[in-house]
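Before any comments, here is the structure.
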Amino acid sequence: MSAGLSLFRSVCRSKRNDIKCFRFFATSEPHQPDGVIWKKAIIDRELKRIDKVRLEKVNSGDSLARTRHDVAALDASRHRLICPACEKPNVTHVHACTACAFPLRPEDVAVGPENPFRGIISGKTQEHLITYRDDRVLVFLDKWKIAKHHLDAIPIEEIPDLTALRREHLPLVEQLYERGLWSLQQLQPPHVRGLRLEDVVIAGFNLPVSVAHLHCHIVLPPLMHTNAFKYPRWYPYEKVVADLREHGRVVTYAERPMQQEADRYWQKRVHAAHELLHARMAALTDVTLGNAFADPTRTQATP
């Protein structure tokens, strides 16, 4: 695999025979539309290594938690579940990594890193490809992407999460979305030609957050999985904007549950967009792509 390729790994388990497998998603840089390559491989050795590390943490007393109850008792603002497969810090209430879908366990909890977005803003961190920047907004490729085209739009101003937003932040939130959409258009994804990006892109925020710096996810299907869009953690961009206009703040699901509305959004936007763009991507690349809504146990073709 060339240096220009980036590797995305997600784990799937066959419920029927408990086969453990990794699905690899490798892409060239997003402006190169020919760079979709899928590969799957059985990696029992890697899974055994992860299990060994977890057991050693427990036996040595280094593990901060042994049960989910232990995890819930920790300070959720400081602690994260660090994925042993892709190393993404996750909020402590999730059961699978929101980046690679690897199952998380209490032994994976650790004190989370400081806000990594500060390094991106200051220029000290170079691993993220910045696609847009002005004096208020920064857009870059998500390090732990769940689709080939997955951007994060953040304010230069450090706002912890959407609960800190007020009516006066509405223009900023709209800018995050608009600049993210513009950046996505510059990447020229071939499978959306003839479509309006606004109709198929998935945009929104998480609460609680894995990074205490407001960031709007701009995701273009097809998707590797849908863990990031689960209710009640996912707040669609449309809801955030509507709440700021009507209430002057974001009304959380803890205050006003909206399960039915969230289910309709999931079907109308997440599922529908994935199915449409999955088919378009497959037709363009002549590749059998993985399905985000079922365990990918079939052998994937390579172009």
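Positions are given from 1 along the sequence. As the structure is a computational prediction, the values presented were derived from the model and not from experiment.
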Gap separating the OH atom of Tyr265 from the NZ atom of Lys239, nearest 0.5 angstrom: 12.5 Å
Between SG on residue Cys97 and CD on residue Glu87, distance to nearest 0.5 Å: 10.5 Å
To the nearest 0.5 Å, what is the distance between CG (Leu223) and NE2 (His278)? 10.0 Å
Side-chain donor or acceptor of Tyr231 paired with backbone N/O of Met258 under 3.5 Å: yes
Check whether any side-chain heavy atom of Phe102 sits under 4.5 Å from a side-chain heavy atom of Cys86, and report yes or no. no
State whether the side chain of Arg133 and the backbone N or O of Ile121 hold a donor-acceptor pair below 3.5 Å, judged by distance alone. yes
Looking at Thr67, is its backbone amide N or carbonyl O close enough to the side chain of Asp70 to form a donor-acceptor pair, meaning the two atoms are under 3.5 Å apart? yes
Would you give the length of the straight line joining atom CZ of Arg167 to atom CD of Glu246, rounded to the nearest 0.5 angstrom? 9.5 Å
Can you tell me how far the CG atom of Asp62 sits from the NZ atom of Lys57, to the nearest 0.5 Å? 8.0 Å
For Phe229 and Trp234, take the angle between the two ring planes, folded into 0 to 90°, and tell me which bin it lands in: parallel under 30, tilted 30 to 60, perpendicular over 60. perpendicular
Side-chain donor/acceptor of His215 to backbone N/O of His213, under 3.5 Å: yes
Any chance you could lay out the side chain to side chain contact (heavy atoms under 4.5 Å, CB included) test for Leu151 and Leu220, step after step, and finish with the verdict? CA-CA 9 Å; Leu151 304 175; Leu220 184 66; over 6 Å; no
Report yes if some heavy atom in the side chain of Thr226 is under 4.5 Å from a heavy atom in the side chain of Trp266; otherwise report no. yes
List the steps, then state whether side chain to side chain donor-acceptor pair (under 3.5 Å) holds for Asp263 with Gln267. CA-CA 6 Å; Asp263 289 345; Gln267 286 292 338; over 6 Å; no
Applying the 4.5 Å side-chain criterion to the ILVMFWY set and letting contacts propagate, would Leu276 and Leu197 be lumped into a single cluster? yes
Neighbour count above 12 (heavy atom, 6.0 Å) for Glu198 CD: yes
Start with the C-alpha gap between Ile159 and Leu172, add the side-chain angles, then the distance that decides, and say whether side chain to side chain contact (heavy atoms under 4.5 Å, CB included) holds. CA-CA 11 Å; Ile159 301 172; Leu172 174 62; 3.8 Å; yes
Those residues at least two apart in sequence (or on a different chain) that pass side chain to side chain contact (heavy atoms under 4.5 Å, CB included) with Arg118 are Glu114, Asn115, Glu158
Salt bridge (Lys or Arg N to Asp or Glu O under 4.0 Å) evaluation trace for Arg256 with Glu261: CA-CA 11 Å; Arg256 185 185 301 171; Glu261 291 84 348; over 6 Å; no
Let me confirm one number: the OG1-CG distance from Thr131 to Leu141, rounded to the nearest 0.5 Å. 6.0 Å
ILVMFWY cluster, Val173 and Leu181 together (side-chain gap under 4.5 Å): yes
Closest non-hydrogen atom pair, Val91 against Ser210: CG1-N, 3.7 Å
Looking only at heavy atoms, what is the nearest atom pair of Ile202 and Pro221, with distance? CD1-CG, 3.8 Å
Could you please spell out the steps behind the side chain to side chain contact (heavy atoms under 4.5 Å, CB included) verdict for Leu214 and Leu176? CA-CA 10 Å; Leu214 185 74; Leu176 294 178; 4.1 Å; yes
So if you build clusters from Ile, Leu, Val, Met, Phe, Trp, Tyr with side-chain heavy-atom gaps below 4.5 Å, do Val251 and Val241 land together? no
Which residues satisfy the side chain to side chain contact (heavy atoms under 4.5 Å, CB included) test with Thr252, sequence neighbours excluded? Thr163, Leu207, Tyr235, Ala254, Glu255
Between Thr92 and Arg68, which heavy-atom pair has the shortest distance, and what is it? O-NH1, 3.0 Å
Is Ser63 close to Val109 at the side-chain level, that is, under 4.5 Å between some pair of heavy atoms? no
Is a side-chain donor or acceptor of Arg80 paired with a backbone partner of Asp108 at a separation under 3.5 angstrom? no
Under 4.5 Å between any side-chain heavy atoms of Arg54 and Val58, yes or no? no
Using atom types as modelled and distance alone, determine if a side-chain donor or acceptor of His274 lies under 3.5 Å from a backbone N or O of Val270. no
Does any part of the side chain of Trp144, heavy atoms only, come nearer than 4.5 Å to the side chain of Pro89, both counted from C-beta? yes
Measure the acute angle between the ring planes of His150 and His217, then classify it against the limits of 30° and 60° as parallel, tilted or perpendicular. tilted
Got a donor-acceptor contact below 3.5 angstrom from the Asn227 side chain to the Ala101 backbone? no
Would you say Val209 and Tyr177 are hydrophobically clustered, going by side-chain heavy atoms of ILVMFWY under 4.5 Å? no
For Arg105, is there an ion pair with Glu107 - N to carboxylate O distance below 4.0 angstrom? yes
Go through the steps for His93 and Arg233 under the test side chain to side chain contact (heavy atoms under 4.5 Å, CB included), then give the verdict. CA-CA 10 Å; His93 74 276; Arg233 189 170 177 242; 3.7 Å; yes
Cluster link Ile154 to Phe205, ILVMFWY, side chain under 4.5 Å: no
Measure the shortest side-chain to side-chain distance between Leu104 and Asn90 over non-hydrogen atoms and say whether it is less than 4.5 angstrom. yes
Nearest heavy-atom neighbours spanning Ile156 and Asp134: CG1-O, 4.0 Å
Give me the atom names and distance for the closest heavy-atom approach of Leu64 to Ala110. CD1-CA, 3.9 Å
Ignoring hydrogens and geometry, is there a side-chain-to-backbone donor-acceptor pair from His191 to Ala283 under 3.5 Å? no
